[in-house]
Amino acid sequence: MKRWIAVLFIVVYSTLGVKAKEGMWIPILLEKYNIEEMQQMGFKLTAEDIYSVNKACMKDAVVLFGSGCTGELISDQGLLITNHHCGYRAIQSHSSVEHDYLTDGFWAKSRDEELPNDNLSVTFLKSMKDVTNEVMEGISDDLSEEEKDKIIEKNISSIKKEAIKDTHYKAELKPFFHSNQYFLFINEVYKDIRLVGAPPSAIGKFGGDTDNWMWPRHTGDFSLFRIYANKDNQPAEYAADNVPYKPGKHFAISMKGVQEDDFTMVFGYPGSTEQYAPSNHLTMITQKINPELIDVRTRKLEIIDSYKSDPAIRIKYAAKDASISNSWKRWIGEIRGLEKLDAINKKKDFEAGFKSWAASTNKYEDIFDEYDRLYEDYGDYRLVYYYINEVIFRNGAEMVRASSYLDKLVREFKKPKPDSVMVNLYKAEARSSFEKLFKDYHKPLDKEMTAMLLSIYQQRMKPEFLPDIYNEIQKKHKNNIEKYVDKLFAKSVFAEPELVFSFIDKFSAKSINKVQRDPAYVLYSSFYNLYRNKVAVVYGELNSKIEGLNKRYMAAQMEYQDDKVFYPDANLTLRVSYGKVRAYEPRDGVLYKNTTTLEGIIEKDNPDIYDYRVPERLKELHKNKDYGKYEVDGTVPVCFIATNHTTGGNSGSPVINANGELIGINFDRAWEGVMSDLMFNPVQCRNITLDIRYVLFLIDKFAGAGYLLEEMDIVM
Ligand code: ARG
Ligand code: ASP
């Protein structure tokens, strides 16, 4: 049966001519599992060229950028490229009304002008290894799960400690295959990372949320940074006399571009996927969680939209809008993609085979009864957990959430002898949090949002998940949420900047009562208490039970399909995805080409639509066909798509050709394929790459920063 399915798959795939390769592969196992196939697909280098501890290799040119993106080295002087959306926070932090780098772009004309960034680091992988046996040392079947966990934890911490003894490296030890395997990572973290250049948002974010997750795409999503090191080329805190880092390896940049069927490889840090989850999980996501979250976010976006005609408010809410919209759009695509794939039934068919095999194992036959039992409650808890987050924490009721910014101060003043140093520190922290809040804040919008969230929460959540505050709203306001919210905003000290800041300045033990009786804080605590006392604990327990079961199910799947090569779920460790440049059919009768060009940007140009305002300078270059050496067939290439299996975190990853040269920067996926986090469909899943030639064109022709190209190795 199993073999038969495998044969059928090969037949189906090859008749479609799809040579997509699903998977995010472990660099040290390429030699064993992938390199042969990669070479058959066109790759001309070896596994050692990608990962090696004996010689300089591609891994030495790839970094985890910050804590959730990828970046890569493109010169021997520490020059690094990542996405604009990955550098966004850094670019924003240097922007002010006088220097609006988000709007105008930024180009350091010399090393002195490169801008340092607090709280930004890049992480190089020095080496990795399988340490499963070491982690499992001392584990035997007669131990309870808790005992096992304790031993594992202890082993992990001593392995890590030992591994980096007497070095400045950092160790990370991560579970793979749902804790059936463990890998140790030795990393080197650089902290002096300076901003070198970024295009204006009208290029770096061109198409905005309208085009986000979509193909055809025309976003110039890149930014440039430089890594600085001490005189010994080692990591150091920022210092003016630090010097550009000399990497072991940097990517050569290819001007050759891509053709349909060309081999591509993405090397980066995918964050998280759930490829081996049971059908129960997909049913829960598609039928319960995503639809509810989509609904609440649709309402959020509608409210923000209704204020957007005022440019000041639009700017204040731009980042929030983008973040609400990003997952919202992905969830919608995920449902659609899974339905189109008939994913739940595919899983169920697989599970039917699995169950009849498991019945005879004496080991795994209970797995699905357990899943069925756990998922009965899990969906409700997961939903309310996410929902409270939507209401309070994730771009929800902003002022209400902010009322908790004084928590540390309150705690300090509850002590018999508050420490004045801590008091001052907490005051400063609270002030700065409120400054951040009010910088991008519009009270009428927040009020409308708060009322909407409170009423939808009441409508959608089960009565046992309604926090106490609803009793009060019922009693005092006859359940008129709008009236209640009016009062809330009229009475709370947190709704007015002047009140808040003077309240913080004068804060003393006597202020505690005032905080605790403040209507915003009362509302906040009511949700927070429910969250902490009723939801988070049970949700956490269910999660760990399910994770325990996932571990067994993963092991069982590997036994059941003992001739299949498995790749582990993404877990923010360095991985290789490979595939081919490939056009696709998003819908019946529609064929999307594999590349876009500058012509598409000009086509989209529309001064009335914020996302589609093309900078004058770019229009001028287009009008004069001033493309220099970046011209291809009378235009400039902008983006391309391929079949690489990627996910969040892969943004900024190098996209590499058959010769190991950089041809582009990965930044997104096409909407029809975003279910790839749960199930990959080679026919529909495409990663979207910014063509490196557009990057060079922008730096050189658009920004006049061609001096930056001098330190790159550009090959024809
Ligand atoms: N969808 C891409 C990713 O998940 C880009 C997100 C940033 N852009 C945006 N318009 N929100 O990171
Ligand atoms: N845009 C995502 C990121 O920032 C990439 C993706 O989800 O495909 O990592």
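Both counts, for ligands and for their atoms, begin at 1 and track the order of listing.
Within the structure, every pair that satisfies the side chain to side chain donor-acceptor pair (under 3.5 Å) test and touches residues 200-210, not counting sequence neighbours, is listed here: T210-D611.
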Can you give me a line-by-line list of nitrogen or oxygen pairs between ligand 2 and the protein shorter than 3.5 Å?
unit_1, atom_1, unit_2, atom_2, d
ligand 2, 1 (N), S651, OG, 3.0
ligand 2, 1 (N), F667, O, 3.0
ligand 2, 4 (O), H85, NE2, 2.8
ligand 2, 4 (O), S651, OG, 2.4
ligand 2, 7 (O), G648, N, 3.2
ligand 2, 7 (O), R669, NE, 3.4
ligand 2, 7 (O), R669, NH2, 2.8
ligand 2, 8 (O), R669, NE, 2.8
ligand 2, 9 (O), G649, N, 2.5
ligand 2, 9 (O), S651, N, 3.1
ligand 2, 9 (O), S651, OG, 2.7

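Y584 and N594 share no side-chain donor-acceptor pair at under 3.5 Å. For the residue pair R575/S577, the side-chain donor-acceptor check at 3.5 Å is not satisfied. Looking only at atom types and distance, the side chain of S651 has no donor-acceptor partner in the side chain of D668 under 3.5 Å away. Donor-acceptor pairing under 3.5 Å is lacking for the side chains of E72 and H250.
Note that K59 lies in the cation-pi zone of Y51, set by a 6.0 Å cut-off to the ring centre and a 45° limit from the axis. In this structure, R314 forms a cation-pi arrangement with Y610, its terminal cationic atom sitting closer than 6.0 Å to the ring centre and no more than 45° off the ring axis.
Protein residues with a heavy atom under 4.0 Å from ligand 1 are H85, K205, G208, D209, N212, W213, A322, N326, S651, F667, D668.
Scanning for side chain to side chain donor-acceptor pair (under 3.5 Å) contacts around Y441 gives D446, with sequence neighbours left out.
Contact check on E672 versus K340 returns no salt bridge, with no Lys/Arg side-chain nitrogen under 4.0 Å from an Asp/Glu carboxylate oxygen.
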